[in-house]
Every structure is written in C-alpha cells, then in structure tokens.
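Written below as structure tokens is the structure these notes are about.
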Amino acid sequence: MRIKTKLMTTAMILFSSTVAMSQVKNRDEVPQKYKWNLTDLYSNDEAWQSEKEHIENEMKAMERFRGELTSSADKLLEALELHTSLIKEMSRLSSYASMNSDQDTRVTKYMGMKQQMQQLYSQYGTITSFFEPELLTFTDEKLNDFLSQEPKLKVYEIYLKDLLRKRAHRGSEEVEKVIAYSSLMSGNAANIFNIFSNAEFPHPEITINGEKVKLNSANFAFFRASEDREIRRKVFEAYFDKLQEFRGTFGAQLYGNLNAALFSTKARNYNSTLERALDGGNIPTDVYHNLVSNVNDNLETFHRYLNLRKRMMGVDTLHYYDLYAPLVEAVDLSYTVDEAIEHIVASLKPLGEDYINVSNRAFNERWIDMYPNEGKRSGAYSNGSAYDVHPYILMNYNGKYNDMSTLTHELGHTMHSYLTNQKQHYVNSNYSIFVAEVASTFNEELLNNYMLNQIKDDRTRLAILGNYLEGAKGTLFRQTQFAEFESIIHEKVGRGEALTGEDFDEIYFDLTKKYYGHDNGVCIVDDYIRTEWAFIPHFYYNFYVYQYATSFTASAALSEKVLSGGEEETKRYLEFLSSGSSKYPVDLLKDAGVDMNTSEPFDLTIAKINAVMKEMEEILDRLEN
C-alpha cells in the first residue's frame, strides 16, 4: 500500500522508535496503514449482526440429527458438515467481536458483542448436547465400517477417533448440557481480568525527565527498558506497588479461574486440571513435569546468564528491575516498522519465496494492528481463527529490537495458521497449543541468525547475542517458572485449599527468588515483585505457558536443521506448518525432525545457550583488554 510522502513522514514523526511512547495516541491519530482491516471479516457491525442472527436460526437445524448420528454413514456426514460449518462461522463472528473490542477495551458496544457470542456458544452447546454422547456410542468396528462406506468422512476420522479415545471423559446428554450452560460463567474471571487490567485499572503516574507519565501497560514495557537505572527502579516500584494495592481483587479473579478449571476437571472425570489440559493433545503429564525438573536442574545456566548481564551492565548488584535494560550502552537497536519489516523478510529467505510472499501480504494488506493506542489491549497475538479469510496480528510496537522479534514471532503464528488453513479441512485446522509456539520461536531464531550474519562489530554482536539470551530467559526460564507457579496453585485448589492475593504473593515470591538466585546474591528480587503474578494474563489460560518453553527447545532444534541442512529439512518444516491437527502434536514434531519424547531438544538448547554466553564472554574479554 503506497501513501503520500507527507503522510509517511508524519507517521515516522509520531511513531519513530526514537520517540518515547510516553503519551499513547488516541486510535484515530494512528495512520490507517498501521491498523488492521476488519472489514475483511464483515463489512460493518450491521453485517456482523445479520450473520449472527442467521447462524442463530441455522443452528436449530442440528436438532433433526438427534438419535440419528449412528444410523447411517450418510446421516453422520450430513450432521458433521453442518456442525463444522456452524462452528467455523461462529469463530469468524467471535474474531470480529473480540478484535474490535481489543482495539479499545473501553468501548462497551464490542464488549457486548463478545458477550453475545458467549451466549451463542452456550446456546449452541445446549442444542448439541446430544452430539458427542451419541458419537461415543460408536464401537470402533462400526465407525470403521462407516469410514469405509463414505469416503468424505475421512477428513473427520481423526476427530472421531480422538473423541472415542477420550470416551471416559464425556458424560451423558444431561451432563453435557450442564457443562454447556456452565460456559456462560467459566470465562468470567478472564473477562474481568482483561477489562480491569486494560481499561479500568488506575495506572500510576510518575514524573520522568520533568514530564508526567501514566504507566499503562505499553508505557511500563517501554520504560522498564530505559538505559537510566533510576527510571527503571521508579517504574517497577510504582507499577507493582499499584498492583499490590489491588492484589485482593486480582487474587479473587485468579482463584475464580482456578475453581472454574477444577469444575471442568471434575465434570470430565480427570485426576487433575493438568491432566485435563494436556489430554486435548494427548500429551503425557510427564512432559510438563520433566520440563520443570530439567529447568530446575539447569538453573546454574540461567544464573550464568544473570551474572553475565551483571558484568555487561557494570553494576555491583543486579536487581530484578535491571532485567529489561539494554545490555550494551550506545548500541542503537531501535528500528522503525519499515526497517523491522525489511530485516524480517530478509531473515525468512531460507523458507522460500512462497513463505515470503504471504508474509509480505500480511505487512501490506493490513493484517496487522501495529501501534499502541489508548484503551488497546496490551501485548501481542496472532488470531488465525477466521478460516476463510486470513489471520490477524495485534501488536503494540515500541521500536525496540524486542518489538521486531515480537513482530516476527507473531508472523510465525500467522504463517502457521495461514498454511494450515490452506492445506487442511477446517476440522483439522485448529492445531494444538503444544506446537503453536514452534513456528513463532522458529522465526525469532531465523531473525537472530540473520542479524548476526550481517553484523561483525563486537558491541553490536553482543547486543544481538544478548537478545537471544533474553529470548531464552523469557521463553524457557521465565515461562517454566510460570508453569511451576501454575502447577502449585492448581494443585492447592485441587486439594480444597482457598487462595487469596496474599497467598499468591508468597508462592510467587518464593519461586521467583529461587529462579533468580536471590538468596545467593545472583539477582535481587525486590519485595514488590511478589505481586507480579497479577500482571500475567496467561495464568487465565490454564497450563498454556509451558508450551512456550517446550516450543523454544523444539524450534531451536528445527532451525538448526533448516539452516544447516538443505531442501529436505525445509520441506519437512513447511509440511509441519501445513499439518494443523492432522496428527497428534508429538507425532507432527517427530515428522518434522524433533522427538519430544527424548531430552535431546532440551539438551541442545541448553548447549546453545551456553555457547552463546561463551562467545559473549570472549568478546567482553577482547573489549576489556
């Protein structure tokens, strides 16, 4: 998309990485080219409402299949096709409502549309409460007979056989109806957290360089990376002190979410919420526990990184508020959006022209909402659930290297969704979250590798290598710490214990001190960090975050194979990106070239982290002599 030079210049003034985002803009001040185009989903809100009403009427037709699903292969196919079509369209409706709401969480209209979708899903769940209980009456022999009679049923084979695998965790029609009704309440804690933390939380104000700044989520992320240590300290202390004022509220929200997860666990006859969360992808709980155990056994590697950061920053004592500061002074690792796109596209060359062409479409056809604005949801994500359209990316770009990494990270998700949607039937397009982070962290690996190949200057290489370590810190060690925190709090609630904000504080604080070597003087975890858990939205996703860590190890192994291999390795990786849920996730990764049943991916990752630190230490020795 080409625009006038004057407008482009204005955009660069408003959003250049050299301009502090201390005053986040109103949405109407953000140039159109940096905002996603949701009219690709529906032309306007009225069209959305019309389609919602149409689906509401269409879903009633599912009633005619009650008692008929196992009567013939033709009848089963007809029911599955209608069911799939309705779910697909509801996902598109939900995407439009949620992404409009995320643009500005203060707008109640779209909050209401999201609530309408919750009601619609609950209504549909009630209508189809007979569906899976009837399917579960299939014997393996009869299902195989139907599959051989009707070739078009083949695309549903994985869904049907996986359903039978989980037969013990499905209830009668009446039980399924109750579970469907419960969905109206099960997401309340997450919804309240989202609205409160993004729209109504009274963010503190502090004075920075004589200017009063409101520490919303975007500004906190920006200023915690300041080169000025005193600014970092003030920002951390002010932000987390304010969180601590509301730890009772945040604690009640999180406890409500834990109880909702426990209800689903008991209703589905699982032994634990962890078992229930992992069973969707047929992942053994040992994978989770082994990750936590392996990371705890390798905390000395993490502490080596922290001591390296301390050395590079030249501080006597490393504090938690130092962990986001630039590692190398006077190295400009700031990038405008155009510069970031140029580097990202170049880094993707090993994946071929087709991959690059679709990536350029994402950048040029307004698939991305790039900059922060008042009321916008914090963080970043890729939404690939609009199967017949294209994925979307939400960003809060602040112009740092980390933002460029985040952009290629989310692009990895987008390409995974795009390629899967192109290759797979809708029923097999919703890939497991266990593999969801592989494509994203793989892209980050390619970017780091590309940047290192371009840069020979020691200080700049230090910064790029340091960024890799930052990724390891945030993705492997930090996310595993979160995973261990989740495991503890879910187990406590599973045993019938009540948890308050103060309880969450103590559990989180003890874990953080252990991971960061507080008692050994590696990194001082200041007291106010105890409430950081209230800042983390992923705790409402129930055992999601561990997959960042497992995916990090898988993508590290896969990227090495692609970069050092040839066409066959690349072909296998692209086939993985196009596979959706056509196999169980562990099997998909094995096909791509990584066996997650072994410790090899983790061991290779730890070895790479130590090799990066060794190179950085050698560079430091040269610079200091």
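It should be emphasised that the depicted structure is a prediction, and the values quoted were computed from it without experimental measurement. Any value given below was found using the heavy atoms of this structure, including those in side chains, with hydrogens, waters and symmetry copies removed.
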Test side chain to side chain donor-acceptor pair (under 3.5 Å) applied to E437 and Y544, step by step: CA-CA 10 Å; E437 296 300 332; Y544 183 98; 3.0 Å; yes

Give the intermediate values and the outcome of side chain to side chain donor-acceptor pair (under 3.5 Å) for residues Y401 and N448. CA-CA 10 Å; Y401 189 96; N448 274 348; 2.8 Å; yes

Under the salt bridge (charged side-chain N to carboxylate O under 4.0 Å, His left out) rule, what do R377 and D369 come out as? Steps first, then yes or no, please. CA-CA 11 Å; R377 173 177 167 155; D369 206 79; over 6 Å; no

After noting the C-alpha distance and the side-chain angles of E615 and V612, does the key distance pass the side-chain contact (heavy atoms from CB on, under 4.5 Å) rule? CA-CA 5 Å; E615 180 180 350; V612 168; 6.0 Å; no

Decide ring pair (Phe, Tyr, Trp, His ring centres under 6.0 Å) for H319 and F236; before the verdict, give the C-alpha distance in whole Å, the side-chain angles of both, and the deciding distance to 0.1 Å. CA-CA 11 Å; H319 280 257; F236 265 80; over 10 Å; no

Give the C-alpha distance, both sets of side-chain angles, the deciding distance and a yes or no for side-chain contact (heavy atoms from CB on, under 4.5 Å) between D45 and K109. CA-CA 10 Å; D45 296 349; K109 176 182 181 180; 2.5 Å; yes

List the steps and the verdict of side chain to side chain donor-acceptor pair (under 3.5 Å) for E230 and Y321. CA-CA 10 Å; E230 180 59 20; Y321 56 74; over 6 Å; no

Apply side-chain contact (heavy atoms from CB on, under 4.5 Å) to residues E365 and D40 and explain how you reach the verdict. CA-CA 10 Å; E365 296 178 13; D40 288 347; over 6 Å; no

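Here the two rings, on F246 and F196, have centers that are under 6.0 Å apart. Ring centroid separation for the pair F482 and H538 does not come in under the 6.0 Å cut-off.
Put simply, OG1 on T414 and CG on N443 are 9.5 Å apart, with the number rounded to the nearest 0.5 Å. Here the OG atom belonging to S94 is positioned 8.5 Å from the CH2 atom belonging to W48, to the nearest 0.5 angstrom. Residue E502 holds its CD atom at 12.0 Å from CD1 of I507, rounded to the nearest 0.5 Å. The OG atom of S347 sits 10.5 Å away from the CD atom of E444 when rounded to the nearest 0.5 Å. With values rounded to the nearest 0.5 angstrom, F509 atom CZ is found 6.0 Å from H518 atom NE2. Atom CZ in F442 sits 9.5 Å away from atom CG in L348 (nearest 0.5 Å).
For the pair K114 and Y110, the NZ or CZ position fails the cation-pi test of under 6.0 Å to the six-membered ring centre and within 45 degrees of the ring normal.
The shortest distance between side-chain heavy atoms of I609 and L469 falls below 4.5 Å. In this structure the side chain of I344 reaches within 4.5 angstrom of the side chain of M404, judged on heavy atoms. Looking only at side-chain heavy atoms (C-beta outward), T406 and N402 come within less than 4.5 Å of each other. Two residues are said to be in side-chain contact when any heavy atoms from C-beta on lie closer than 4.5 Å; N307 and V522 meet this criterion. Side-chain contact between I619 and L465 is present, with heavy atoms from C-beta onward closer than 4.5 Å. Within the 4.5 Å cutoff, the side chain of I206 has no heavy atoms near those of the F223 side chain. I464 is listed as a side-chain neighbour of L333, based on a closest heavy-atom distance under 4.5 Å. Taking the side chain as every heavy atom from C-beta outward, L411 and F363 approach each other to under 4.5 Å.
Using cut-offs of 30° and 60° on the angle between ring planes, the pair H343 and Y335 is perpendicular. Under the 30°/60° scheme for interplanar angles, the aromatic rings of Y516 and F302 are found to stand perpendicular. Below 30°, between 30° and 60°, or above 60°: for Y239 and F220 the angle between ring planes is below 30°, a parallel geometry. Ring geometry, W36 versus Y392: the interplanar angle exceeds 60°, so the pair is classed perpendicular (tilted spans 30 to 60°). The aromatic rings of Y528 and F240 sit parallel to each other, their planes meeting at less than 30°, with 60° as the upper class boundary.
P391 approaches Y418 most closely through the heavy-atom pair CG-N, 3.9 Å. Nearest heavy atom pair, residue L306 against residue C523, reads CD1-CB, 4.3 Å. For the pair V235 and R224, the tightest heavy-atom approach, listed with the atom from each and the gap, is CG1-N, 4.3 Å. Annotation for S359 and M415: closest pair OG-SD, 3.8 Å, computed over non-hydrogen atoms. When all heavy atoms of F539 and W533 are compared, the closest pair comes out as CD1-O, 3.6 Å. Closest approach of A325 to S226, counting heavy atoms only: CB-O, 4.0 Å.
Listed for the E29 side chain is a donor-acceptor partner under 3.5 Å among the backbone atoms of N26. No donor-acceptor distance shorter than 3.5 angstrom exists from the side chain of T475 to the backbone of A472, with no hydrogens or angles considered. At distances below 3.5 Å, not a single donor-acceptor pair connects side-chain atoms of K492 with backbone N or O atoms of A498. Side chain of N296 to backbone of V292: a donor-acceptor contact under 3.5 angstrom is found. At least one donor-acceptor pair under 3.5 Å links the side chain of K376 to the backbone N or O of Y371. Remark: the backbone N or O of Y548 is not paired with any side-chain donor or acceptor of S551 at under 3.5 angstrom. Of the possible donor and acceptor atoms, none in the side chain of K214 sits under 3.5 Å from a partner among the backbone N and O of N219. The backbone N or O of L452 lies less than 3.5 Å from a partner atom in the side chain of R461, making a donor-acceptor pair. Checked by atom type and distance alone, the side chain of N259 pairs as donor or acceptor with a backbone atom of Y255 at under 3.5 Å. Side chain of S101 to backbone of A97: no donor-acceptor contact under 3.5 angstrom is found.
Here the rule is salt bridge (charged side-chain N to carboxylate O under 4.0 Å, His left out) with E617, and of R304, R309, R622 only R304 fits it. Here the rule is salt bridge (charged side-chain N to carboxylate O under 4.0 Å, His left out) with R247, and of D503, D241, D505 only D505 fits it.
Remark: R311 engages D621, E624 in a salt bridge (Lys or Arg N to Asp or Glu O under 4.0 Å) (not counting sequence neighbours). Remark: N194 pairs with N198 by the side chain to side chain donor-acceptor pair (under 3.5 Å) rule, at least two apart or across chains. Judged as a salt bridge (Lys or Arg N to Asp or Glu O under 4.0 Å), and not counting sequence neighbours, D526 has no contacts.
Salt-bridge check for R27 with E374: failed, with every basic side-chain N at 4.0 Å or more from each acidic carboxylate O. Ionic pairing of R229 and D322 is present here: one or more N-O contacts between side-chain nitrogen and carboxylate oxygen are shorter than 4.0 angstrom. Ionic pairing of D104 and R106 is present here: one or more N-O contacts between side-chain nitrogen and carboxylate oxygen are shorter than 4.0 angstrom.
Within a 6.0 Å radius of CG in N209, no more than 12 heavy atoms belonging to other residues, nucleotides or ligands are found.
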